[in-house]
Amino acid sequence: MEQGNETLVREFVFLGFSSLAGLQRLLFIVFLPLYLFTLGTNAIIISTIVLDRALHTPMYFFLAVLSCSETCYTFVIVPKMLVDLLAQKKTISFLGCAIQMFTFLFLGCSHSFLLAAMGYDRYVAICNPLRYTELMGPRVCVGLVGAACACGFTIAQIVTFLVFHLPFRSSNQLHHFFCDIAPVLKVASHHSRLSQLVIFTIGVFVLVIPLLLILVSYTRIISAILTIPSSTGRYKAFSTCASHLIVVTVHYGCASFIYLRPKSSYSSSQDTLISVSYTILTPLFNPMIYSLRNKEFKSALRRVMGQTSYPIH
């Protein structure tokens, strides 16, 4: 496994929190409860939507899929990160790194297209309420989720193939806490310009196209809301979209900063900080933004808790 007196890389070493060596145990104590809370709230959301028939609507179907996606997304990265915070040697095998990148990209790209589908759902609900049931039937909803997953799977395959077919012989130290695209490319022996161009183009496709679709949906939604005569009606219509807009802003803001900036502005410390926000903090806030502040969801949660507490009645 040697070529040109250089040994091929068999594993990678994570250096994401190396500058905080004295605080890693403290970070573990902080991150572990946040991660467990995220898992718990997403489990509550999914089970409530499944068990309460009043929530068997397209909006809550997409929300359940989003919660499931975020649970899997964090599971790919956070448990390994927590173990590494307590470990002396923070390594991952070459194959393990490729699998982590593929799964992370698959779920992340699917997430972007899923947010676009949720924007379309809100557009139909507000702009075509009389045809909502017809236009957003079960087959359409499942088809939109399937299309989002198919796009995510295809993109993840292409990017992972391009990245891990580059030669890795110079260094195996990743200045990150998981196998993201930029830090892995940085340790490749040489970069193919074509590979980098393709990866950047795919990043634009994943982020810009869904965002444009969301903007088109909300342009029409806002136009429709402005025609509602009562201020109460306008407030109710907009409140159904506010949570989605907040999540979209956070998701695309973080992702655009990481994947659409010039390579010359690459900073591993900034990337680590932003990555912590979208792997731990964003999945923590999303359930609270989407569900735990939603009156309809809270009523359904009380009903489900009542049924499980008193099953005989």
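Between the side chain of Thr103 and the main chain of Gln100, no donor-acceptor pair closer than 3.5 Å is present.
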(request) Begin from the C-alpha positions of Tyr73 and Phe106 and carry the test ring pair (Phe, Tyr, Trp, His ring centres under 6.0 Å) through to its verdict. (result) CA-CA 9 Å; Tyr73 175 85; Phe106 165 55; over 10 Å; no
(request) Given side chain to side chain contact (heavy atoms under 4.5 Å, CB included), test Ser47 with Val304 step by step and report yes or no. (result) CA-CA 9 Å; Ser47 58; Val304 170; over 6 Å; no
(request) Please lay out, stage by stage, how Asp84 and Phe17 fare under the test side chain to side chain contact (heavy atoms under 4.5 Å, CB included). (result) CA-CA 9 Å; Asp84 285 344; Phe17 296 106; over 6 Å; no
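For the side-chain contact (heavy atoms from CB on, under 4.5 Å) criterion with Phe28, the lone passing option out of Leu32, Val30, Leu26 is Leu32.
Note: Phe297 and Tyr60 have parallel aromatic rings, judged against thresholds of 30 and 60 degrees for the angle between ring planes. Using the six-membered ring where Trp is involved, Tyr218 and His244 have ring planes that are parallel, under 30° apart on the 30 and 60° scheme. Ring pair Tyr123/Tyr120 is tilted by interplanar angle, where 30° to 60° counts as tilted.
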Just distance, no hydrogens or angles: give the donor-acceptor pairs under 3.5 Å from side chains in residues 208-217, sequence neighbours left out.
residue, atom, partner, partner atom, Å
Ser217, OG, Leu213, O, 3.1

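Taking the ring centroids of Phe75 and Tyr35, they lie at or beyond the 6.0 Å cut-off.
Residues in residues 75-115 take part in these disulfide (SG to SG under 2.5 Å) pairs, two or more places apart or across chains: Cys97-Cys179. The side-chain hydrogen bond (donor to acceptor under 3.5 Å, both in side chains) analysis of residues 131-143, with sequence neighbours excluded, yields the pairs Asp121-Tyr132, Arg131-Glu134.
Minimum heavy-atom separation, Phe62 to Val145: CE2-CG2, 3.8 Å. Across Arg234 and Ile228, no two heavy atoms sit closer than the pair NH1-O, 2.8 Å.
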